[in-house]
Q: 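Can you keep this structure in mind? I'll have questions shortly.
Note that the structure is a prediction, hence the values are computed from the model and not measured. These numbers come from the heavy atoms of this one structure, side chains and all, not from hydrogens, waters or symmetry mates. Protein chains get the first letters and strands the later ones, always in sequence-line order, with residue 1 at the start of each.
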2 protein chains.
Amino acid sequence: MNPRRPRSDGERTRAAILQSAMRLSTVDGLEGLTIGNLAKSLGMSKGGLYAHFGSKEELQLATVEAAGAVFVAEVIEPALRADPGVPQLLAFCDAYVDHLERLTFPGGCFFAGAALEMGTHRGPVQEKVAEFHSGFVALVREFVRTAVALGQLPDDEDPAGLALELHGTLLAVDTSFVMYGDSSVLDLGRTVVRRRLGVKAT
Amino acid sequence: MNPRRPRSDGERTRAAILQSAMRLSTVDGLEGLTIGNLAKSLGMSKGGLYAHFGSKEELQLATVEAAGAVFVAEVIEPALRADPGVPQLLAFCDAYVDHLERLTFPGGCFFAGAALEMGTHRGPVQEKVAEFHSGFVALVREFVRTAVALGQLPDDEDPAGLALELHGTLLAVDTSFVMYGDSSVLDLGRTVVRRRLGVKAT
DNA sequence: CCTACCGATCGGTAGG
DNA sequence: CCTACCGATCGGTAGG
C-alpha cells in the first residue's frame, strides 16, 4: 500500500533468492540451477526455499521474470531515454555492452544463454523466455523503423534485417566475452555498431 | 592399417555413441548430458558406455571433437571449395544456414550452445570448445583479409569487425531458429549476409 | 524458516 | 558389453 514502507523480511529474502538464482543461472543454466546449490549459496536450507517457491519450475519462472526486469532497467530504459531513431539504437547497443562490461551476471547476458538453453525445452519457462526475447527484438525493429521514417537511415533499410545484424553483433560480443574474458571485444562491438549505423566514433 | 577394411564393432559403437551424444548435447547441454540418458537413447547399459569412455569428461571431450569434425565437413569444407575472398565468405555463411536448416542437430549449432554453456566452466572441455570456436572465427577473418587483398571489399574494411558482424548474424539466426522453429529467419539471414557482402541475391 | 526424510538419478566401480 | 552395486545429490514433502 505505502510505497515508502520498507520491504518485509519475506520480500527481501525473495529478492535475495532471485538475485542469486539469476547469477547461478547464467553460469549453470536454468536447468542446471539446483535447489541445493541455490540454498547453499544463500546459507539457507532447501526447505526454506520451498517456503518461497513451490517447485523448481516456479523458481525458474520467477528468475526469468526478475532477469527481464534487470534487462529493462539496464538496457531498455537507457535506450528509451535517448532521442528517437538512431540515437535509441546506439543507446541500446551501448547499454547492452556496458551491462556485459560491468559483469551484471557472471555468465554474461541472461537471455542469450536462456534462449539457446530453453529453445528445445518446450514449456512455460521457454515461453516466458521467448516472450521477453521477441519483445526485445521487436523493440529494436521499432527503433529502426523510426530511424528510417526520420530519414536517419536509408529508405530501403530492412528493419528485420538490421535488427538481426545488431542483435547478432551483440550476441557475438557476449559469446566472445564470456568465452575468453577478453574485454577488447567490447570496444570492437561498440565500433562495429557505430560503423553500421553511420555514427562517428566518439 | 588398411583403410578399406570395415570398421570394427568397437569403432562403430563408438561412432554411434558420439552421434547420440552430440544430438543430446545440443538439447540438454554438455553438462546436462548424462551417462544414463545417453545409455537409454542407445539401448545399452551405463557399464557398456564406460567400456568406451572412462569418465564423463572424456565423453564430453570426444563429443566436442566429433562435433568439430561435423562442423568442418558441413560448413568449413564447402567454404574452402569456393573461390577465394567473398565467395568463400558467402559459402561459409550459406553452409552454416544450410546446416541449421537440415537439422543436423536438434538443438541447432553445437558450438553456439557449447560456447555459452562452457564459457564460465574452466577446464579441458571449455578449452577444447574455445579452440574450435576461435579457429572458426580466425578462418572467417582470413577470408575477409583475402577479399580485401583481392579488391572485393573496401580497403578500410576491418577483418575482425566484419568477422564479428557475420559471426553475430549467424548466431542470431541460430538463436531465433532454435527458439521459434521459424524457418523464415534462415532466408532473412541469407539475405542480410548477401547485402553486407555486396552480393546480389540469386 | 528448520530438520528429517522420500524415491529417483547422478557419476563411477567391481567383477565378470 | 552386462548386472549389481556405491555414496552423493536431485526435486520434493511432512511436520513443525
Q: In whole Å, I'd like the distance from the CZ atom of Arg14(B) to the C1' atom of dC1(D).
A: 16 Å
Q: Any base atoms under 4.0 Å from Leu59(B), or only sugar-phosphate, or nothing? Heavy atoms, all strands.
A: nothing
Q: Checking contacts here: which listed nucleotide (dC10(D), dC10(C), dC1(D)) is nearest the side-chain heavy atoms of Ala51(B)?
A: dC1(D)
Q: Do the ring centers of Phe71(B) and Phe132(B) come within less than 6.0 Å of each other?
A: no
Q: To the nearest 0.5 Å, how far apart are CD in Gln126(B) and NE2 in His133(B)?
A: 11.0 Å
Q: Both Leu49(B) and Lys46(A) contact DNA chain D. Which one's nearest nucleotide lies toward the 5' end?
A: Leu49(B)
Q: Ignoring hydrogens and angles, tell me if any N or O in the side chain of Gln60(A) forms a donor-acceptor pair with the backbone of Leu30(A) under 3.5 Å.
A: yes
Q: With sugar-phosphate meaning primed atoms plus P, OP1 and OP2, does Ile17(A) contact a base, only sugar-phosphate, or nothing at under 4.0 Å between heavy atoms?
A: nothing
Q: In whole Å, I'd like the distance from the CD atom of Glu11(A) to the P atom of dC1(C).
A: 12 Å
Q: When the distance from CD1 of Ile35(A) to P of dC1(C) is rounded to whole Å, what number comes out?
A: 14 Å
Q: Using distance alone, with no hydrogens and no angle criterion, decide if Ser20(B) and Ser41(B) have a side-chain donor and acceptor under 3.5 Å apart.
A: yes
Q: Write down the distance between CG (Leu33(B)) and P (dG12(C)), rounded to a whole number of angstrom.
A: 12 Å
Q: Expressed in angstrom and rounded to an integer, what is the separation of Glu31(A) atom CD from dT9(C) atom C1'?
A: 15 Å
Q: For the side chain of Met44(B), counting heavy atoms from C-beta on, which of dC1(D), dG12(D), dG11(C) is nearest?
A: dC1(D)
Q: Considering only side-chain heavy atoms of Tyr50(B), which listed nucleotide, dC2(D), dG12(C), dT13(D), is closest?
A: dG12(C)
Q: Consider the side chain of His52(A), meaning its heavy atoms from C-beta on, and name the nucleotide among dG11(C), dC2(D), dC1(C) that approaches it most closely.
A: dC1(C)
Q: I need the single residue from Val193(A), Leu170(A), Val97(A), Leu166(A) that forms a side-chain contact (heavy atoms from CB on, under 4.5 Å) with Phe92(A). Which is it?
A: Leu170(A)
Q: Find the distance Lys40(B):NZ to dA8(C):C1' and express it as a whole number of Å.
A: 11 Å
Q: Using atom CZ of Phe53(B) as one end and atom P of dC1(D) as the other, report the distance to the nearest whole Å.
A: 11 Å
Q: Across all strands, who's sitting opposite dG16(C) as a Watson-Crick or G-U wobble pair, both distances under 3.5 Å?
A: dC1(D)
Q: Given atom NZ of Lys56(A) and atom C1' of dG11(D), what is their separation to the nearest angstrom?
A: 8 Å
Q: Pick base, sugar-phosphate or nothing for Thr34(A), based on heavy-atom distances below 4.0 Å to the nucleic acid.
A: sugar-phosphate
Q: Examine dC1(C): is either OP1 or OP2 under 4.0 Å from a nitrogen or oxygen in the side chain of Thr13(A)? Give yes or no.
A: yes
